[in-house]
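In this chain, numbering begins with 1 at the start of the sequence shown.
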Amino acid sequence: MPSRRDLLRCAVVGVAVATALGAGALAWSSTLLGEYSVMGMGSGGTTGGAGHAGHGGQGAAAGGAAEASGLLDTVSVTDLAADPDRPADVRVELVARQGTVDVPGGRSIEGYTVNGTSPGPEIRARQGDLVEVVLVNESVADGATLHWHGIDVPNAADGVAGITQDAVPVGGRHVYRFVAADAGTYWYHSHQVSHVQVERGLLGAIVIEPAEPDGRIAAPTDGSPLDVTALLHIYGGQHTLNGRVADERVSAPPGSTVRVRVVNTDQGTAAVWAGAPFRVVAVDGHDVHEPGEIEGQRVLVPAGGRVDVAVRAPDRGAVRLHVGGARSIVIGDASAEASAPPVRQPSTTLDLLAYGTPEPLTFDAASPDRSFDYVISRRFGIIDGRPGNFWTINGRMFPDVPMFEVAESDVVAMHVRNDSGDVHPMHLHGHHVVVLARDGVAASGSPWVVDTLDVHPGETYDLAFVADNPGIWSDHCHTLPHAVDGLVAHVMYEGVTTLFTINGEAGNRPE
Ligand code: C2O
Ligand code: CU
């Protein structure tokens with residue numbers, strides 16, 4: 001017998017279908033999702049996945065031949081792991097709990113904590129370290145995972161429920177191991193029911209310090225901490241900096257340089273600006289080559305993105321760095337805050353397409369082995385019995401979105417176009433992507449290397465990356481309510497398989 005809820009759902013679908021038919025011109029489609037594997041996504045479609053004729057034909061043909069001959073060895077995502085015999089250099093236990101989140105300076109909210117707070121503890125490691133993190137789920141009812149946003153971890157450690165692991169149930173634990181090969185500013189967050197768990201606090205920062213000190217930043221002479229993290233998060237409408245509804249002060253000797261690692265863990269873009277010149281020294285953990293001074297401009301940080309800015313403490317008094325619209329950091333003589341009044345947000349934005357100076361890329365982006373389109377739009381449809389105006393990728397709706405199939409060592413070109421009315425911070429797991437052009441204008445500054453890129457309505461981006469990290473990798477919008485409404489595709493390496501499923505017994509719901 002159908003439950004009351006099922007009957008209700010049928011009624012809702014009926015109304016929606018009638019509305020759609022009534023409107024006549026509205027295209028719609030209906031999908032009922034039971035348990036499924038991401039490996040089945042994109043099947044039955046005709047447009048996605050394959051390379052464009054003209055580009056990428058070679059790679060696609062080679063892949064097809066290998067498949068046809070059935071010679072591909074398969075490897076499971078769980079086997080794509082760090083050396084199990086190498087001892088950890090940094091070992092951390094993180095305990096996830098569901099409950100009240102204390103928000104100092106504001107009011108507490110119902111959400112999630114890591115080791116009792118949100119954000120959870122900042123993890124610090126040195127480039128080259130093997131990092132081992134044990135996640136313990138003490139009380140997160142839906143289960144939880146940890147994803148290492150921006151770190152090109154081996155696939156087994158990617159933390160996506162239903163692709164690389166099962167969500168860790170209450171009372172369970174999971175071990176993540178990866179070598180922190182690239183220095184930079186990153187963050188971790190749950191990738192189970194992420195549109196709820198991330199927004200409500202299951203997250204923290206992770207900083208990989210360079211093996212050699214960054215010569216562009218004057219080393220502290222008096223032992224003062226001149227490397228600070230500015231993690232932005234909105235808890236129930238309250239704008240916080242490092243978990244507090246408060247501004248911060250950093251005492252720094254006159255003339256010294258402070259590196260501020262801005263981490264945007266929110267669902268929308270954050271702005272950074274200052275009352276004095278500053279520089280952007282890294283974007284998404286990747287150093288900017290010869291960054292110039294920025295004055296009278298703001299820097300925009302996509303949802304999920306990071307920028308490291310270098311701010312010089314003035315010879316006298318202090319300077320105020322605004323982070324995220326509502327919070328700021330006063331740097332310099334902490335007793336002279338009055339010398340650093342708030343300044344209005346500039347209306348012009350630093351264009352990273354032309355910032356810094358060029359440097360050769362580490363690969364030849366001009367002759368890709370594969371070339372894919374990622375065209376974002378939206379249309380009316382029904383996903384899992386739920387009618388709505390859903391996102392589409394290359395005109396197709398989740399879960400029938402393209403599967404971007406690559407082979408190891410391919411150079412991959414991706415052409416992203418946003419035909420929808422919203423900005424989308426597009427995030428590819430496991431890889432860093434270089435921006436070649438925007439709206440046909442070639443990049444002219446430092447290589448602009450990202451893991452999270454805001455694509456504004458009407459924009460097109462030409463991107464490229466090297467397929468050097470085998471696995472099955474999510475490539476989605478980091479405004480997480482968009483992801484749960486279908487703005488998710490995957491890059492899949494030939495021969496890699498997963499036995500994990502979504503919506504099955506393990507209750508995996510990555511978005
Ligand atoms: Cu920060 Cu797929 O996530
Ligand atoms: Cu989006």
Side-chain angles (χ1 to χ4, degrees), residues 80 125 127-128 131 147-155 157-160 178-189 206-211 214 261-264 280-289 291 301-308 352-353 355-356 358-366 368-372 374 404 406 408-416 424-438 443 445-455 461-478 489-493:
L80 297 164
Q127 190 175 12
V131 179
H147 165 62
W148 308 94
H149 185 118
I151 303 183
D152 298 338
V153 299
N155 201 214
D158 199 39
V160 181
F178 54 88
V179 175
D182 298 309
T185 307
Y186 306 99
W187 61 298
Y188 60 85
H189 63 77
I206 172 166
V207 172
I208 311 300
E209 289 164 1
D214 188 336
R261 301 171 178 273
V262 182
V263 185
N264 181 4
V280 173
V281 292
V283 174
D284 285 358
H286 197 275
D287 283 353
V288 175
H289 188 241
V301 191
R306 289 87 56 218
V307 297
D308 295 8
L352 292 167
L353 194 69
Y355 182 61
E359 201 181 23
L361 298 180
T362 51
F363 64 98
D364 180 10
D369 302 294
R370 314 262 175 158
S371 184
F372 299 114
Y374 196 131
F404 303 115
V406 301
E408 193 168 356
S409 81
D410 278 349
V411 170
V412 183
M414 187 75 86
H415 310 280
V416 183
H424 300 292
M426 299 309 295
H427 170 52
L428 171 61
H429 287 209
H431 301 76
H432 276 76
V433 167
V434 61
V435 177
L436 301 177
R438 182 185 56 226
S446 164
W448 181 12
V449 180
V450 294
D451 54 65
T452 313
L453 177 69
D454 264 349
V455 183
Y461 273 96
D462 294 329
L463 311 173
F465 64 93
V466 180
D468 56 3
N469 195 8
I472 302 176
W473 302 100
S474 199
D475 186 359
H476 65 93
C477 176
H478 221 280
H490 299 86
V491 169
M492 185 165 98
Y493 283 62

For side-chain hydrogen bond (donor to acceptor under 3.5 Å, both in side chains), just list the numbers for T185 and R306, CA-CA rounded to whole Å, side-chain angles, deciding distance to a tenth of an Å, and then say yes or no.
CA-CA 7 Å; T185 307; R306 289 87 56 218; over 6 Å; no
Indicate yes or no: at least one non-hydrogen side-chain atom of [X] is less than 4.5 angstrom from one of [Y].
X	Y	value
F363	V434	yes
H490	D475	no
Y355	W448	no

Expected output: side-chain Q127 to main-chain D182 donor-acceptor under 3.5 Å =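 Side chain of Q127 to backbone of D182, a donor-acceptor pair under 3.5 Å: no, none is there.
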query = Looking only at atom types and distance, does a side-chain atom of D364 sit under 3.5 Å from a main-chain N or O of A366, one as donor and one as acceptor?
reply =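 Between the backbone of A366 and the side chain of D364 there is a qualifying donor-acceptor contact (under 3.5 Å).
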When the side chains of residues 464-473 are checked against the rest of the protein, which donor-acceptor pairs come out under 3.5 Å, sequence neighbours left out?
residue	atom	partner	partner atom	Å
N469	ND2	V153	O	2.9
N469	ND2	G430	O	3.1
W473	NE1	N469	O	2.7

Give, for atom CG of D451 and atom CG of D152, the distance between the pair rounded to the nearest 0.5 Å.
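Reported value, rounded in 0.5 Å steps: 7.5 Å.
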Rounded distance (nearest 0.5 Å) linking atom CG of D158 with atom OG of S474: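 If I round to the nearest 0.5 Å, the distance is 8.0 Å.
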Indicate the ring-plane relationship of W148 and Y188, choosing parallel, tilted or perpendicular according to the 30° and 60° boundaries.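 The arrangement is tilted - the two ring planes meet at 30° to 60°.
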Specify whether H427 and H149 have parallel, tilted or perpendicular ring planes, treating 30° as the upper limit for parallel and 60° as the lower limit for perpendicular.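 Rings of H427 and H149: parallel, as their planes differ by under 30°.
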Contacts of type side-chain hydrogen bond (donor to acceptor under 3.5 Å, both in side chains), residue N155, not counting sequence neighbours: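 With neighbours one apart ignored, the set is empty.
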How about NE2 on H286, more than 12 heavy atoms from neighbouring residues, nucleotides or ligands closer than 6.0 Å, or not?
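No, because the 6.0 Å sphere around NE2 of H286 holds 12 heavy atoms or fewer from other groups.
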